[in-house]
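Side-chain atoms are counted along with the backbone in the values below, which use heavy atoms only and exclude waters and symmetry mates. Along the sequence shown, residues are numbered consecutively beginning with 1.
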Amino acid sequence: MKRPINILAAVTLPLLSLCGCSATKEIPTELPPPSTHEFFAPKPARLTGTITVADSVNTFDGHLTIHTYNIITGEFATNTTWPSDTDGSFDLWLDTNTPSIYIIKANRLSPRNFYIKPGSHLDISADKTGRHTIYGGELGRINTELTEAPRSQFADSVALVTIADSIADTAKLLESYASATETWRDDIEQYIASHDLLPETRRILRAMPDMQHAHWLMNNQDQLGLDSPDDFTPLKKVLKMDLYALAQRAPGGLIHGIAYSSLLKRLGSSDYLGSTDNHTFHARQYFKRYKHLLRFLNIEHSEMPVVLQLAISQSLCSGGMLEKAGSYDEAINMLAAVSDSYITIPEIKQELEEYIRRLYKQPYPLPDNESTALLRRLLEPYQDKIIVLDFWNVLCGPCRRDIKETEEFRKKHRYNDRFAIVYITSESGSPADDYEDYVSGHMSDANLLRLSDADYSKIALLFNVQSLPRQILLDSHGRVADDHFRISQIAARLRAMGIDL
């Protein structure tokens, strides 16, 4: 049974009424290829909206979850918000570093896709069935255009079956998938020709068929028995695309499929790795297989294609190579040695350097963005102090346990002029009545910040806060000294930082 690819859920609302755009606005027919600085732009993105139910009680009961993805390091982040229990509205800031398509999920809510860019704002108004969705804000029009675009009528159903059990004739399967990809491509071109689309929409849509095809091949290559360069033609196409080929849903699946593919392992089998404690040497030898891959695909290159640079960066991070280096200095040396030959994009190198600082708990500065500016304003009363940020909420049992266990220490050092503990919670996470009752009984002496959900999410995304309790240690210069600090270690850590207790 055929099942359409779920690139974006379909809606059937008029274009201009959804985005509020003017029909007379002049839009360039094409855009130049994006620079790496434009594409890799780590900035918070704002997602607002309203989720309603189709009945007389116009509310939504539950929380929304969005999983974002760092395409450079391979790290995932979980972003959660609770829509208002009166009108279903929500306001959430997401930590994004590239344009991408993500999914909103919730219990009793049909998943919906949306396209988001760093530094931009998207507003979504929808009912819980997903049949009625209106997009607004800066990204309203492009989301509408992507939503109304043709979807594959075959490829996704094949991608999701167990190949060995379903189709024994792999040659026929490959031919059918390729044919379906071409049909989808033709449908997209017809859609583009018959609609006044944004250049960015056209660029993303035109990359979808080949990205999906290459993703499928790389994740099923062993079952398909792929061997010759011609078998990997879709991958070759993707490696030659510009950066917006990556502005898709879950591009990390393709990148991961390349990084850990049997093809890459086979191509690198001739490079001696051996047993060595020199992890930098091991990394340089290991990554030679990427040059072998380009020769195998007959791709001439002056520098490594961006998709392969990302596969290499993810091997360094989520693959554990930088951790195996054993120390901050050795990890930096490894990155420098690998970058000389394989990673030429400055923004990727910068993100990897920040990853190493976090990995080895080196003090690092917060990014120069709106979230950091907000945090600095909130912490002005504690300027020049060492600060422990404690993210909590009143309904969190482990949070209350930590608060109780450190109560005596907190009261004893309440007026210390060199450090402070600041507790941060949100309005939805700590409802007003519950919050006031708990604080009056247990935290009347504490430094407290109860923020709006929008401001809380801005601060939380600075540190990728996904679960509670979570403590962050800032040094007296405002740098992050430890982004996974344990409050139980506070006395020993403060003494190590030169504070007499």
Side-chain angles (χ1 to χ4, degrees), residues 37 40-47 68-73 75-79 91-98 116-120 317 322 328 331-332 335 346-392 418-426 447-487 490 493-494 497:
H37 179 71
F40 295 101
K43 296 178 183 177
R46 188 182 183 196
L47 183 68
T68 54
Y69 176 71
N70 188 318
I71 200 172
I72 296 174
T73 65
E75 297 170 292
F76 285 89
T78 301
N79 306 269
D91 192 335
L92 179 67
W93 288 81
L94 304 174
D95 189 11
T96 57
N97 64 353
T98 61
I116 200 78
K117 291 174 63 175
S120 296
C317 298
L322 291 171
Y328 173 78
I332 288 293
L335 175 59
E347 291 76 17
I348 295 180
K349 287 193 242 184
Q350 181 179 351
E351 182 73 21
L352 291 173
E353 288 168 356
E354 292 177 2
Y355 177 88
I356 293 171
R357 284 196 290 269
R358 296 196 305 271
L359 178 65
Y360 289 100
K361 301 188 183 304
Q362 299 292 307
Y364 63 89
L366 289 167
D368 184 13
N369 61 27
E370 184 177 349
S371 296
T372 297
L374 172 61
L375 179 63
R376 286 174 177 158
R377 289 196 299 272
L378 294 171
L379 297 181
E380 280 181 0
Y382 318 103
Q383 192 171 1
D384 299 326
K385 289 186 177 183
I386 294 170
I387 298 172
V388 176
L389 300 178
D390 193 329
F391 291 85
W392 73 293
R418 295 194 60 192
F419 80 91
I421 304 173
V422 180
Y423 294 88
I424 302 178
T425 189
S426 66
N447 304 307
L448 302 170
L449 293 172
R450 181 172 176 264
L451 306 177
S452 69
D453 288 0
D455 283 349
Y456 178 87
S457 68
K458 288 181 189 177
I459 303 303
L461 66 81
L462 279 172
F463 310 104
N464 190 20
V465 175
Q466 300 186 49
S467 60
L468 300 177
R470 174 78 179 277
Q471 290 98 26
I472 310 294
L473 181 65
L474 303 179
D475 67 16
S476 58
H477 302 289
R479 299 175 302 181
V480 180
D482 190 340
D483 57 11
H484 281 81
F485 181 64
R486 295 297 302 156
I487 195 71
I490 187 169
R493 190 65 180 269
L494 290 174
M497 297 175 79

Can you list the steps and then say if Y456 with L449 is a side chain to side chain contact (heavy atoms under 4.5 Å, CB included)?
CA-CA 9 Å; Y456 178 87; L449 293 172; over 6 Å; no
Between the side chains of N70 and N97, is a donor N or O closer than 3.5 angstrom to an acceptor N or O?
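Short answer, yes.
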With no hydrogens and no angle check, just 3.5 Å: does a side-chain donor-acceptor pair link T68 and N79?
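Distance-only check passes for T68 and N79.
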For the pair Q350 and F40, evaluate side chain to side chain contact (heavy atoms under 4.5 Å, CB included) and give the outcome as yes or no after the intermediate values.
CA-CA 10 Å; Q350 181 179 351; F40 295 101; over 6 Å; no
Side chain to side chain contact (heavy atoms under 4.5 Å, CB included) for K361 and H484? Distances and angles first, verdict last.
CA-CA 9 Å; K361 301 188 183 304; H484 281 81; 4.3 Å; yes
Would you please classify the geometry between the Y423 ring and the W392 ring as parallel, tilted or perpendicular, with 30° and 60° separating the classes?
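Judged by the thresholds at 30° and 60°, the geometry between W392 and Y423 is perpendicular.
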What's the separation between atom [atom1] in [X] and atom [atom2] in [Y], rounded to the nearest 0.5 Å?
X: L451; Y: L374; atom1: CG; atom2: CG; value: 7.0 Å
X: E351; Y: I348; atom1: CD; atom2: CD1; value: 9.5 Å
X: D455; Y: R450; atom1: CG; atom2: CZ; value: 12.5 Å
X: L468; Y: I424; atom1: CG; atom2: CD1; value: 11.0 Å
X: Y69; Y: D95; atom1: OH; atom2: CG; value: 14.5 Å
X: T73; Y: L352; atom1: OG1; atom2: CG; value: 8.0 Å

Smallest separation among heavy atoms of [X] and [Y], with atom names:
X: R493; Y: A481; value: NH2-O, 3.6 Å
X: L462; Y: P367; value: CD2-CG, 3.8 Å
X: S457; Y: D91; value: OG-O, 4.3 Å
X: A420; Y: Y382; value: CB-CD2, 3.8 Å
X: S426; Y: D453; value: CB-OD1, 3.7 Å
X: Y328; Y: I356; value: CD1-CG2, 3.6 Å

Using modelled atom types only, decide if a donor and an acceptor are shared between the side chain of Q466 and the backbone of F76 within a distance under 3.5 Å.
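Checking the backbone N and O of F76 against the side chain of Q466, a donor-acceptor pair under 3.5 Å is found.
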Please answer whether the main-chain N or O of F463 pairs with a side-chain N or O of R470 as donor and acceptor at a distance below 3.5 Å.
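Flag set: sc R470 to bb F463 pair under 3.5 Å.
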Could you walk me through whether I490 and Q471 pass the side chain to side chain contact (heavy atoms under 4.5 Å, CB included) test, one step at a time?
CA-CA 10 Å; I490 187 169; Q471 290 98 26; over 6 Å; no
Beyond-backbone contact of [X] with [Y], side-chain heavy atoms, under 4.5 angstrom:
X: V480; Y: L474; value: yes
X: L461; Y: S371; value: yes
X: D368; Y: T372; value: no
X: I472; Y: F391; value: yes
X: F419; Y: M497; value: no
X: L494; Y: V388; value: no

E75: partners by salt bridge (Lys or Arg N to Asp or Glu O under 4.0 Å), with sequence neighbours left out
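Listed in chain order: R358.
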Other residues, nucleotides, ligands: >12 heavy atoms within 6.0 Å of K349 NZ:
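More than 12 heavy atoms, drawn from other residues, nucleotides or ligands, come within 6.0 Å of this atom.
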